[in-house]
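These notes concern the structure reproduced below.
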Amino acid sequence: SNLIIAGAVRNVEPYIDQIFENIDQISKLFSKVKIVLVESDSNDNTLNKINGYKSTHPNLEVISLGSLASKHPSYLIRCNRIAAARNVFFEIAENLKDEYQHLLVIDMDDICANKIKDEAILSNFEYDNWDMITANQSGNYYDIWALRHDEWMPYDCWEMVLDRPSFISREDAWKIHVGSRQINIDENHPLIKVKSSFGGMGFIKIDSIKGARSQGQRDSDGRETCDWVSFCARLNAGNANIFINPKFITNPKI
């Protein structure tokens, strides 16, 4: 199939070379690949660095949104900036859905800087019953804020930490609502159906996007909510089959 690889980019200069090694390796597994990186608000050499890859990657499109944080108070919220960047490449992907079948969203930081194995990528295509399929880690699964599962993580973990009773310390609340949920998932376990997940990488069927967009916002108490959860709730018109693939490991053991 044809693949779009996309990422939201900010202050990731130390990881770009390693990320591109993974992008190049993944690209070899697909018939045709387009790379879309959407940058904003960097104050290091990130933008120059990714633009430098254009000379060796003619399939690379770099879009800079500039300083979003200075444009509107809503962009002071980190998730709003991430959502704005992600929505650019969701739009691009949908406009190219006649040419590309899959979108791979990747984190452009240390989470995806380890060399990923071909088998991890290809394992996702042993299945076809998904709208989105997301990554696992060789150690404990870390991405709890973006996770929604009826038993494992049915709520916003940080909301529970902040709304803890007075007799529970922040440290203990973190252990209850975050640390204890960062479990080790055996890579031989079957797919895990969830309502939302990311884990640093996620394949999405472009036909399933259907206008779904990310939305960062504040809750009634003025706290950030996870933009990725809002996207997952809208994917495939709210009827998405979303899975964690235990074999899809982003940081394989050496």
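By convention here, the first residue in the shown sequence is residue 1. Computation of the quantities below employed the complete heavy-atom set of this structure, encompassing side-chain atoms and omitting hydrogens, waters and symmetry-equivalent molecules.
The one candidate from F90, F89, F198 that meets the ring-ring contact (aromatic ring centres under 6.0 Å, His included) condition with F231 is F90.
Neither side chain, N51 nor N48, offers a donor N or O lying under 3.5 Å from an acceptor on the other.
Under the 3.5 Å distance criterion, the side-chain polar atoms of N87 are matched with a main-chain donor or acceptor of S214. No donor-acceptor pair closer than 3.5 Å links the side chain of Q137 to the backbone N or O of T250. Looking only at distances, a side-chain donor or acceptor of N22 sits under 3.5 Å from a matching main-chain atom of N114. Without hydrogens or angle criteria, R78 side chain to G216 main chain gives no donor-acceptor distance under 3.5 Å. Side-chain N or O atoms of W228 include none that pairs as donor or acceptor with a backbone N or O of S196 at under 3.5 Å.
Partners of Y155 under the ring pair (Phe, Tyr, Trp, His ring centres under 6.0 Å) rule, at least two apart in sequence or in another chain, are H177. Every residue two or more places apart in sequence or in another chain that forms a side-chain contact (heavy atoms from CB on, under 4.5 Å) with N80 is listed here: S74, Y75, I77. For A240, the side-chain contact (heavy atoms from CB on, under 4.5 Å) test picks out D131, L235, N236, I242, with sequence neighbours left out. Under the ring pair (Phe, Tyr, Trp, His ring centres under 6.0 Å) criterion, F248 pairs with F203, sequence neighbours left out. Every residue two or more places apart in sequence or in another chain that forms a side-chain contact (heavy atoms from CB on, under 4.5 Å) with Q182 is listed here: N140, Y142, I144, W174, V178. Qualifying side-chain contact (heavy atoms from CB on, under 4.5 Å) partners for S42, counting only residues two or more places apart in sequence or in other chains: R10, N11, E39, D44, T46. Listed by chain and residue number, nothing satisfies the salt bridge (Lys or Arg N to Asp or Glu O under 4.0 Å) test with E151 (two or more places apart in sequence, or in another chain). Y141 meets the ring pair (Phe, Tyr, Trp, His ring centres under 6.0 Å) test with W152; sequence neighbours excluded.
Looking at D17 and K49, a side-chain N of the basic residue comes within less than 4.0 Å of a carboxylate O on the acidic one, giving a salt bridge.
Residue pairs meeting the ring-ring contact (aromatic ring centres under 6.0 Å, His included) criterion with at least one partner in residues 35-68, sequence neighbours excluded, are F20-Y53, F20-H57, Y53-H57. Screening residues 192-201 for salt bridge (charged side-chain N to carboxylate O under 4.0 Å, His left out) gives D150-K195 as the qualifying pairs, with residues at least two apart or on separate chains. Among residue pairs with one or both ends in residues 228-239, none qualify as salt bridge (charged side-chain N to carboxylate O under 4.0 Å, His left out); sequence neighbours excluded.
The two residues S40 and L65 come nearest to each other via the heavy atoms CB-CB, 4.0 Å. Shortest non-hydrogen contact noted between V161 and A173 is CG2-O, 3.8 Å.
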Show me the donor-acceptor pairs, under 3.5 Å and distance only, between side chains in residues 94-102 and residues at least two apart or in other chains.
| residue | atom | partner | partner atom | Å |
| --- | --- | --- | --- | --- |
| E94 | OE1 | G211 | N | 3.1 |
| E94 | OE1 | R213 | NH1 | 3.0 |
| E94 | OE1 | R213 | NH2 | 3.0 |
| E94 | OE2 | K210 | N | 3.1 |
| E94 | OE2 | G211 | N | 3.1 |
| N95 | ND2 | E91 | O | 3.3 |
| E99 | OE2 | K32 | NZ | 2.2 |
| Q101 | OE1 | N2 | N | 2.8 |
| H102 | ND1 | S1 | OG | 3.1 |

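Put simply, the side chain of V194 does not reach to within 4.5 Å of the side chain of T134, judged on heavy atoms. Contact check for S180 versus K175: no side-chain heavy atoms found under the 4.5 Å cut-off. Within the 4.5 Å cutoff, side-chain heavy atoms of I106 are placed close to those of I5. Counting heavy atoms from C-beta outward, N136 and N245 have side chains that stay 4.5 Å or more apart.
Counting non-hydrogen atoms of neighbouring residues, nucleotides and ligands closer than 6.0 angstrom, the NZ atom of K247 reaches no more than 12 such neighbours.
Proximity of the aromatic rings of W130 and F243 is defined here by a centroid distance below 6.0 angstrom, and this criterion is not met.
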